[in-house]
Protein chains: 2
Amino acid sequence: MNMSEFSNVVELSSYTLRYYEKIGLLKHVQRNSSGHRVYSNKDIDWVSFIKRLKDTGMRLEEIKKYASLRDLGAQTVSDRQELLEKHREHLVEHIREQNEHLQALDVKIGLYKSRKVA
Amino acid sequence: MNMSEFSNVVELSSYTLRYYEKIGLLKHVQRNSSGHRVYSNKDIDWVSFIKRLKDTGMRLEEIKKYASLRDLGAQTVSDRQELLEKHREHLVEHIREQNEHLQALDVKIGLYKSRKVA
DNA sequence: GCTTGACTTAGAGTTAGCTCTAACTTGTAA
DNA sequence: TTACAAGTTAGAGCTAACTCTAAGTCAAGC
């Protein structure tokens with residue numbers, strides 16, 4: 001899979017994909033004889049997971065930490081598990097807060113609906 | 001209420017509060033005889049609402065739009081209601097996505113727990 | 001063979017939202 | 001009354017995460 005195809009599949013610009021490689025988030029991307037990148041299905045999986053972590057508020061630096069652990073192989077399994085479990089707790093708290101904000105917003109909109117707001 | 005007191009109450013640095021004023025998000029802040037800012041309870045309410053909108057992903061530019069409508073008075077009530085209702089839809093969608101991410105994360109963590117991940 | 005367009009790199013530029021610095025003025029406690 | 005903490009401004013600097021530019025290489029179609 002070449003750059004434009006991969007870019008379409010994962011819905012990230014070629015700029016972003018090269019940037020992810022530059023900062024070490026995306027490693028071991030294969031190249032063809034003329035130096036062009038060749039992406040695999042594993043790359044799709046990994047970039048999709050990066051996007052998920054990013055969308056749930058994880059910094060690229062932290063995602064890089066996870067990536068580095070992955071690179072170190074089987075002996076980092078529990079470290080990675082711990083990292084994901086901590087992130088899970090952040091996510092649960094975030095969802096809780098957002099629901100709280102939603103309730104408050106509904107109260108505010110209720111005031112507008114009943115014209116109790118000038 | 002002076003700057004340091006207000007800063008403590010709303011949990012924003014004095015830098016941030018002056019910045020919000022500079023970009024027009026926070027208007028009509030009173031001053032005492034020597035030019036120092038004097039904040040009111042209404043300022044607490046407004047800054048708290050700014051924080052809520054910001055925490056739910058609204059850009060400061062968009063919050064400024066809401067603020068400007070508010071400044072124009074009663075004839076903008078339905079515009080403001082519409083703006084908040086649109087934001088509510090974004091928030092609902094965001095919460096939906098975050099719950100989806102949580103489920104996927106739980107699947108991943110489950111793999112780690114059962115050591116199905118190397 | 002020639003053009004066109006996708007690829008490559010290094011490095012510069014952009015954006016949002018702060019965060020800080022410098023230089024100065026004012027308020028307060030000893 | 002003197003120190004020093006806290007306030008003021010304009011404007012520079014910072015960080016994360018891109019986004020783009022310039023200059024060059026290479027493959028495919030006419």
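Being a predicted model, the structure only gives us computed values, none of them experimental. Proteins get letters first, then strands, A, B, ... in listed order; numbering begins at 1 in each.
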Going by number, which of residues 39-51 of chain A have a non-hydrogen atom under 4.0 Å from DNA chain C?
none
Would you please classify the geometry between the W46(B) ring and the F49(B) ring as parallel, tilted or perpendicular, with 30° and 60° separating the classes?
tilted
Residues two or more places apart in sequence or in another chain: which of them pass salt bridge (Lys or Arg N to Asp or Glu O under 4.0 Å) with K65(B)?
E62(B)
Only counting residues at least two apart or in another chain, list the ones meeting side chain to side chain donor-acceptor pair (under 3.5 Å) with S78(B).
none
Let me know the distance between CG of L17(A) and P of dT9(C), rounded to the nearest Å.
12 Å
Validation row: L60(A), L25(A) side chains within 4.5 angstrom (heavy atoms):
yes
Below 4.5 Å, heavy atoms only, C-beta onward: do K113(B) and E85(A) meet side chain to side chain?
yes
Does D55(B) offer a backbone N or O that forms a donor-acceptor pair with the side chain of Q98(A) under 3.5 Å?
yes
Examine distances only and state if a side-chain atom of K51(A) and a backbone atom of V10(A) form a donor-acceptor pair shorter than 3.5 Å.
yes
Under the side chain to side chain contact (heavy atoms under 4.5 Å, CB included) test, which residues partner R52(A), sequence neighbours left out?
H101(B), A104(B)
Going by heavy atoms closer than 4.0 Å, what residues in residues 2-9 of chain A are next to DNA chain C?
N2(A), M3(A), S4(A)
Measure the spacing between CG of L17(A) and CG of L12(A) and express it to the nearest 0.5 Å.
5.0 Å
What bend angle does the helix from dG1(C)-dC30(D) to dA30(C)-dT1(D) show across its length, from five-pair end axes and to the nearest 10 degrees?
0°
Please check: side-chain N/O of K54(B) versus main-chain N/O of R59(B), any donor-acceptor pairing under 3.5 Å?
no
Heavy atoms of other groups near E11(A) CD, more than 12 under 6.0 Å
no
Not counting sequence neighbours, which residues clear side chain to side chain donor-acceptor pair (under 3.5 Å) with D79(B)? List them please.
none
Could you give the CZ-to-C1' distance, from R37(A) to dT9(C), as a whole number of Å?
9 Å
Rounded to whole angstroms, how far apart are CD on E62(B) and C1' on dG17(C)?
16 Å
For each nucleotide in nucleotides 11-20 of chain D, reading 5' to 3', give B when a protein heavy atom comes within less than 4.0 Å of its base, S when such contact involves only the sugar-phosphate, and - otherwise.
B----SBBBB
Contacts of N32(B) that satisfy side chain to side chain donor-acceptor pair (under 3.5 Å) - sequence neighbours left out
S34(B)
Residues at least two apart in sequence or cross-chain that pass side chain to side chain donor-acceptor pair (under 3.5 Å) with Y66(B), listed by chain then number, are Y112(A)
Distances for protein N or O near nucleotides 25-30 of chain C N or O, under 3.5 Å:
residue: dT26(C); atom: O3'; partner: S34(B); partner atom: OG; Å: 3.2
residue: dG27(C); atom: OP1; partner: S34(B); partner atom: OG; Å: 2.5

Salt bridge (Lys or Arg N to Asp or Glu O under 4.0 Å): which pairs involve residues 37-47 of chain A, sequence neighbours left out?
E21(A)-R37(A)
